[in-house]
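So the structure is just underneath, and the comments pick up after that.
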Amino acid sequence: MQMIEAVIKPHKLDAVKTALAKLGILGVTAVECKGFGRQMGHTERYRGAKMDVGFVPKVLLKICVKSEDSAKAVSAIVEAARTGEVGDGKIFIYQIARAVRIRTGEENESAL
Amino acid sequence: MQMIEAVIKPHKLDAVKTALAKLGILGVTAVECKGFGRQMGHTERYRGAKMDVGFVPKVLLKICVKSEDSAKAVSAIVEAARTGEVGDGKIFIYQIARAVRIRTGEENESAL
Amino acid sequence: MQMIEAVIKPHKLDAVKTALAKLGILGVTAVECKGFGRQMGHTERYRGAKMDVGFVPKVLLKICVKSEDSAKAVSAIVEAARTGEVGDGKIFIYQIARAVRIRTGEENESAL
Amino acid sequence: MLRPLLASKRMLAALAILLCLTLYSTARGQATAATPPPTAQDAINQISNTNFVANTLWTLIGGMLVFWMNAGFACLETGLCRRKNAVNILAKNFIVFAISSIAFWCVGFALMFGDGNSVVGHTGFFTNLLPYDAPKMPGASSLDWSNVSPAVKFFFELVFAGTAATIVSGAVAERIKFGMFMIFSFILVALVYPITGHWIWGGGWLSTLKAPFHDFAGSTVVHSVGGWAALAGVLLLGPRIGKYNSDGSVNPIPGHNMGLAALGCLILWLGWFGFNPGSTMTATVAAGHIAVTTNTAAAFGAVAATITAWAVLGKPDLSMILNGCLAGLVAITAPCAVVTIAGSAIIGAIAGALVVFSVLFWDKIKVDDPVGALSVHLVCGIFGTLCVGLFASPAVIPMQVTDAYCKPGLFYGGGGTQLISQLMGIGAVAATVFAISLVAWAVLKFTGGIRVSAAEEHEGLDIGEHGMEAYPGFATETGASEQV
Amino acid sequence: MLRPLLASKRMLAALAILLCLTLYSTARGQATAATPPPTAQDAINQISNTNFVANTLWTLIGGMLVFWMNAGFACLETGLCRRKNAVNILAKNFIVFAISSIAFWCVGFALMFGDGNSVVGHTGFFTNLLPYDAPKMPGASSLDWSNVSPAVKFFFELVFAGTAATIVSGAVAERIKFGMFMIFSFILVALVYPITGHWIWGGGWLSTLKAPFHDFAGSTVVHSVGGWAALAGVLLLGPRIGKYNSDGSVNPIPGHNMGLAALGCLILWLGWFGFNPGSTMTATVAAGHIAVTTNTAAAFGAVAATITAWAVLGKPDLSMILNGCLAGLVAITAPCAVVTIAGSAIIGAIAGALVVFSVLFWDKIKVDDPVGALSVHLVCGIFGTLCVGLFASPAVIPMQVTDAYCKPGLFYGGGGTQLISQLMGIGAVAATVFAISLVAWAVLKFTGGIRVSAAEEHEGLDIGEHGMEAYPGFATETGASEQV
Amino acid sequence: MLRPLLASKRMLAALAILLCLTLYSTARGQATAATPPPTAQDAINQISNTNFVANTLWTLIGGMLVFWMNAGFACLETGLCRRKNAVNILAKNFIVFAISSIAFWCVGFALMFGDGNSVVGHTGFFTNLLPYDAPKMPGASSLDWSNVSPAVKFFFELVFAGTAATIVSGAVAERIKFGMFMIFSFILVALVYPITGHWIWGGGWLSTLKAPFHDFAGSTVVHSVGGWAALAGVLLLGPRIGKYNSDGSVNPIPGHNMGLAALGCLILWLGWFGFNPGSTMTATVAAGHIAVTTNTAAAFGAVAATITAWAVLGKPDLSMILNGCLAGLVAITAPCAVVTIAGSAIIGAIAGALVVFSVLFWDKIKVDDPVGALSVHLVCGIFGTLCVGLFASPAVIPMQVTDAYCKPGLFYGGGGTQLISQLMGIGAVAATVFAISLVAWAVLKFTGGIRVSAAEEHEGLDIGEHGMEAYPGFATETGASEQV
Ligand SMILES: Nc1ncnc2c1ncn2[C@@H]1O[C@H](COP(=O)(O)OP(=O)(O)O)[C@@H](O)[C@H]1O
Ligand SMILES: Nc1ncnc2c1ncn2[C@@H]1O[C@H](COP(=O)(O)OP(=O)(O)O)[C@@H](O)[C@H]1O
Ligand SMILES: Nc1ncnc2c1ncn2[C@@H]1O[C@H](COP(=O)(O)OP(=O)(O)O)[C@@H](O)[C@H]1O
């Protein structure tokens, strides 16, 4: 199994979720986060002082999939989350050694 | 070392923390998150419009443990977090290559 | 590539970000979290009842770097985030199998 | 003899004319010859009308401030509960005043202030509140002492009834079914509150004691009644899951938004300037004295609770500071019009310390009250009612407008007469309200059930009862999920 | 004959002196010999002055409460929108009252209440509001009926104008450019609102119909006007991105902070006690009756919306409860002074149910109104205005202070006369306000553009328009990033 | 000669009776024969009493609105600070009014308004505020000009004292020790504020200048005093960690909740309608004019700050809009009763622009004021006080009730007389308050220490000082951790 971690723009959440659902991937955990990257866009000011607001609101998705589903899930996410502008986000994939469904104790692929 | 990531129901946080503490595992990082899965439970309505509230409030726990403690930690979490109803959550385990305690610079197992 | 996950004290966020930027590392995702560990510091009371506030506000940083940059990034974080007091936090490093930049579809090291 | 008589007759006639003319022109002043001149009586009548208007508007403004307390309770109680139940508490606190308004108009007002016997009134159901332009309201003679338009008498009493119902909301929060709470609120305002209210403010038996039970603005009538009704509910509901450990220790469940809680308390403090000074139901300078006793008790209550919490619990817990302020306010509500400034300072300070220990006490006996409503409204309501019998000062008592003058208190040389009346009233209200409420809650419990399921309680009542979150956050920020 | 005559002459002289002395000393009372005694006329004059002061202060307090509604709208609208647009909505709601204050002083007041013709007034630009100490304001004779100081007349009318402008803010929220909204608000309060306002409250043609159009506190003058202006804007703006799916289904976009929303609604409820009872613009006991009809309609509106939402939508949605309360308040605004308590209960209940269906309706036709402003202010504003022609009761009508008495309504034996006037007014205001607003919005749209970019809308207007977040949270909690 | 005389004697007697009867029956009107008829004097007496009541209640309502400003300051300051310090700021703002209430009752009132010399008063410690039913308060003759019940005079002055203390809270926020702040607040309200207050409002030397120093509602007495005391504290505390970089650049530390901040500002705006119009301490139509100048200055202040911030800083920063509004309000506080509407517009606009530059200025010289209290209250307080000497208009001055009439300002043909008095007052207050405050802060600093530890500052004062979080969020949402 692989964990797909995708940092996306918050307003793309629905689109990504829908795209994944079309692939039959229904398990997603979403975390609110702030991203710092190339999209340093808005240098802001608060009460006159310059504020290098590196941190832009983002959403971090964690999706654990069977290794064979990983590629197409990534493609689906990329397609759904892309706007073409700086700050669209990144996807990171890493290996999961074991997965457990708490309710049943099922393990690994059957736990997803 | 292994990282145990557990997505649990928020009200099970205390129980899980206590269960882990009983094993002598005192280091836990908890993140608020929203989960999307089988527990699609409440189709809601806001101002009359149907709302497929796939996202249910959850808590994501990250617990880094020695590899040999992993199995019993997982069992403890499963036991403490289980209600038997859909949405109890998942546990994902993956390998950690290196760990550092910022305060002392200690590394790996002695950093936990 | 490696993912560096650092749990730090919230007020060290700026310092860490600046230290990483000095190394040319501009991509960081930050998540608000609560940490449970040795720093069990404040036993609090709410309306008279003792409250073992194990959970202390922390920030979880995720930084994906080329494997060769990992060591110096970790050193930079350790240096910037250290106060010397209990609760300074931990760093966890794990392997990333694949990375994708959503905007361009670039992969792996060029995606960072 | 004739002529002089004749002469004097003519003179008399002349004089009479002269007299009339003189009087006339004197009285006329600058008025034109066409309309009759205003008399002093005209002026007096006009002043009476001005006073009638002033009384009415002052009482109306007081009523508005008491209405505003609904916002205070909503903020305070929501802030002191958990995030996952915030919508539910807001909805409860919002709807409870709407329901009270309906219940009091339909039934409550008639039972409480309608003419009847010494136990209950029975005129004025669905009142049309006429005449609007004269102070006496047919069928509600118990309010004749107040020279105020009937609509405003009704409005002022209505907002008080609403307050009693709101108190319950906080104590039963985080576990009660929304619909059942609506029903109980209706019962409370339609039946329970008016009956004991009738005894005290509606001309009933407690107001006709030799030393009439004195509760100026409602430490007992409003706050204790709300408190007893809440206690009955809390006992039948049981504590929130996870509040008490098997070993008897207490798990604190911190409020989710202290900003909302503090704002709520400040709103309540403001509202109390309508609650107490407005209870004169007359435009009178006595309202000023009452405003100062009210404020003094609140200030001393807040500081006393701060110091007590600091000393006893180790830190000045903000939720205790807020409760301390409210404790002072509830305690001064009954005696506000009969005590000196110094008296109010002492009352407030005691109440502020008392409330801290009371919060600990209820937790010790495992009566789970998320917002401290029992400590504030019930305990300090009783304490405040007693204070009338202890602190009423002969220097202050005369400023009251109502007939039901109060006897001086024990500490001011008045002996125990008033104190005994106060104790009788406290006891009678306690027994009655607690008993009826217990029956009402029990009926609801065994018919529809008053408590949500454990699963719903875990998940939060916002999702369970209302299908929404108070702060949905990022997940719904972008328009909700497309239908898959 | 002489002597008696002489004697009588002397007696006359003596009597005249006696008479004067008697009269004098009687009248003097305890006054000193130096100053003349007060006459009844003096007393009457003093009472007149007291009444003048009372009228002025009552109206001023009413105006303050209406001002306070700005806080209500700010909280309600912010709470019902998304977090990423919160600063923008707060800023809009804050600045809109400042702009209204300026626009109304410079232009609006003169057009609305200035002397002029039956279409528009034209005296009183940049008014200095003198004399402050007499009720009649030169050049604003349409307000002469109110015995109130000119400054307070201005203030009271100003806060009403501000309310109309605020209504727009909610409907166009989450996508409008901040600067353009400021400009439209100026136009609305300077030109649009005053013109139809002049027709109804400024002595214009609707107020001189045979059965004058009756809108006591502004269901039409304020709420519908705001609603029509908002509708024009919403139509030209289009819905928020992601609100409607291509298949016609609706994506709910939940409000981000229900605590703020509920507090906002309670603030509005309180403010309405200034809006309606204060519109007497006279210290009068009639304000009491109006307060009760207002409160009753709000209560029934809230409960009706709760029940309707529960029945139709499955759960008692808090945002619907809040809208139901406001629906009742808007609907009772026009008829509050001419209906019975029972009448107000019926009006409120209908409005509360109506608003639920109205919210569904606007979504069905894809008119995107984030906070329900169209349903509450436009739909219920129209409904309330009609209710005058339906529910006006001959038992209540006489309590009004203004000259423009209203005919009894259709259901109270008055036939359709008043109803026809009401329909005429509704139609005339609708056509005028909608048309001018549409032109104004269109001009702004085709010059500077009224809608933010899609990218900005996605990211949120807080960053885009104001460069800040409402709740920046942890990332900026420690002092912002050092310059790299 | 005898008989006619006799006759005339009899006639005299007859006439006297006639006269009495006539007078009697005329005066009696519809009264019964038993009670004497009311005289015009009776009427006048009743009116006097009605006026006394009206004055008292109007001032009381004004005082309530000023009390309400505490909620405004609490919300504003909490919203503009960081989340981790929210409980602390709420607690500070809450307790400060309680402490002020106690300090002012015990000591402050006596020093400020008690009879004494031109420097300080010394009667009325722990005042019992009697008699409640006559306007003159023994030992506080400086308030005799106001025909208001003593209790309300005290209450009104008390809430003003509380405001001054609250101002300090914002400026020293996020780093001061809770206990030390409580002590300083007591000192400020007990000693510092009353002394300069005595000079200006208590009959002291500034009020007896040839052209008496004029500060109608307290730009100097309240706002500048609070500002100077705050400045002294800020200087001794130093800036928050991380606010200024070594290279002199500024790290913005954004407020954590702009919704709370905006609501706070709207609360303050409302409260100011008590602050300024209420300062008439008399029911008078002049309050209307003052309400409009107050509102106009606020509106122009907000818009001017918006435009200035937009032009100078690039975006319309909401926190600057709020500060601009408050700047206008503070600036109009002194001159509100003596300037025209146009004058208030200019004053407000200048203040709104000024405050933006002032915020930049304090940051430039590294004086760290988290909420802009120095810019708003100190800078605009001084500016507003000067405006009296510049803008006081002879057309408006006469509407004042107090004896201390003001001279026309420089721009209104009055020359520099008043301006010089204003400058004297500003200087004297500045020197005195700053000096005493500096000493007080210094003593506290070198005894107990006024600043929390760096570790506590990093972690947040909520945990450190109060042991709780403002928004504990999910981690404590389920009942706290079982004891491990
Ligand atoms: N090396 C990285 N490690 C972790 N997260 C990253 C990294 N680089 C970027 N991110 C996340 O991805 C987001 C988008 O990256 P950014 O560089 O702004 O735009 P883009 O992906 O279009 O190049 C960032 O806001 C951050 O949250
Ligand atoms: N494949 C997955 N990847 C990441 N998180 C998942 C995945 N599947 C489920 N989850 C998380 O686990 C939670 C519970 O899963 P769900 O399918 O609802 O119930 P259950 O675990 O009882 O089958 C979800 O809300 C989601 O947060
Ligand atoms: N084993 C672990 N797994 C995950 N997170 C941990 C672990 N141990 C500690 N942490 C995180 O690191 C933070 C600091 O750890 P703590 O033990 O308090 O101090 P220190 O790092 O100085 O020993 C904790 O608050 C927690 O968030």
Side-chain angles (χ1 to χ4, degrees), chain A residues 1-10 12-13 15-16 19 29-41 51-62 65 67 70-97, chain C residues 1-8 10-34 57-67 70 73 76-77 80 92-112:
Chain A
M1 298 151 297
Q2 290 190 317
M3 179 65 83
I4 303 174
E5 287 202 1
V7 181
I8 60 168
K9 293 193 169 172
K12 284 299 189 180
L13 178 56
V16 170
T29 301
V31 179
E32 188 169 19
C33 62
K34 302 249 173 178
F36 184 61
R38 256 157 247 236
Q39 181 201 7
M40 308 182 51
M51 190 151 72
D52 168 26
V53 182
F55 283 109
V56 183
K58 301 277 175 200
V59 170
L60 172 71
L61 298 180
K62 303 181 83 120
V65 295
S67 300
S70 174
K72 64 176 185 203
V74 168
S75 309
I77 296 171
V78 167
E79 206 177 307
R82 182 181 288 164
T83 67
E85 282 155 41
V86 176
D88 275 354
K90 312 269 172 188
I91 302 175
F92 306 110
I93 295 115
Y94 54 91
Q95 216 55 38
I96 290 293
Chain C
M1 297 150 296
Q2 290 190 318
M3 179 66 82
I4 303 174
E5 287 201 3
V7 181
I8 61 168
H11 72 269
K12 284 299 190 181
L13 177 56
D14 280 339
V16 170
K17 217 182 66 178
T18 309
L20 288 169
K22 277 193 193 131
L23 296 182
I25 297 171
L26 291 173
V28 177
T29 302
V31 180
E32 188 170 18
C33 63
K34 302 250 173 176
K58 300 277 176 202
V59 169
L60 172 70
L61 297 179
K62 301 181 83 118
I63 310 122
C64 185
V65 295
K66 292 178 215 158
S67 300
S70 174
I77 297 171
F92 305 110
I93 294 114
Y94 54 91
Q95 215 58 37
I96 290 293
R98 187 184 168 203
V100 182
R101 183 195 304 277
I102 292 174
R103 172 164 49 95
T104 56
E106 283 164 286
E107 298 238 346
N108 300 336
E109 305 212 338
S110 58
L112 300 183

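Chain identifiers are assigned alphabetically (A, B, ...) following the order of the sequence lines, protein sequences preceding nucleic acid strands; residue numbering begins at 1 within each chain.
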Point to revise | chain A contact via C/Leu112 - side chain, backbone, both or neither, heavy atoms under 4.5 Å | key: both
Check your understanding: Given C/Lys17 and A/Phe36, is the side chain to side chain contact (heavy atoms under 4.5 Å, CB included) satisfied, shown in steps?
Key -> CA-CA 9 Å; C/Lys17 217 182 66 178; A/Phe36 184 61; 3.6 Å; yes
Review point. Which bit of A/Ile4 comes within less than 4.5 Å of chain C, counting heavy atoms only: side chain, backbone, both or neither?
Key: neither
Review point. Hey, are C/Glu32 and A/Lys34 close enough for a salt bridge, meaning a charged N less than 4.0 Å from a carboxylate O?
Key: no
Check your understanding: Quick one: side-chain hydrogen bond (donor to acceptor under 3.5 Å, both in side chains) pairs with a partner in residues 76-85 of chain A, sequence neighbours left out?
Key -> A/Thr83-A/Asp88
Review point. With only heavy atoms counted, which part of A/Val7 is less than 4.5 Å from chain C, the side chain, the backbone, both or neither?
Key: both
Check your understanding: Where on C/Met3 is there a heavy atom nearer than 4.5 Å to chain A: the side chain, the backbone, both, or neither?
Key -> side chain
Exercise for review: To the nearest 0.5 Å, tell me how far A/Lys90 NZ sits from C/Ile96 CD1.
Suggested key: 13.0 Å
Review point. Partners of A/Lys72 by side chain to side chain contact (heavy atoms under 4.5 Å, CB included), sequence neighbours excluded?
Key: A/Leu23, A/Asp69
Review point. If you measure from NZ on C/Lys62 to CZ on A/Phe92, what distance do you get to the nearest 0.5 Å?
Key: 9.0 Å
Practice item. Output the option from C/Leu61, C/Ile63, C/Val28 having the highest count of non-hydrogen pairs under 4.5 Å with chain A. Key: C/Val28
Exercise for review: Indicate the atoms forming the closest heavy-atom contact of C/Ala97 with A/Gln2, along with that distance.
Suggested key: CB-NE2, 4.4 Å
Review point. What heavy-atom pair brings C/Val31 and A/Cys33 nearest, and what distance separates the two atoms?
Key: CG2-CB, 3.7 Å
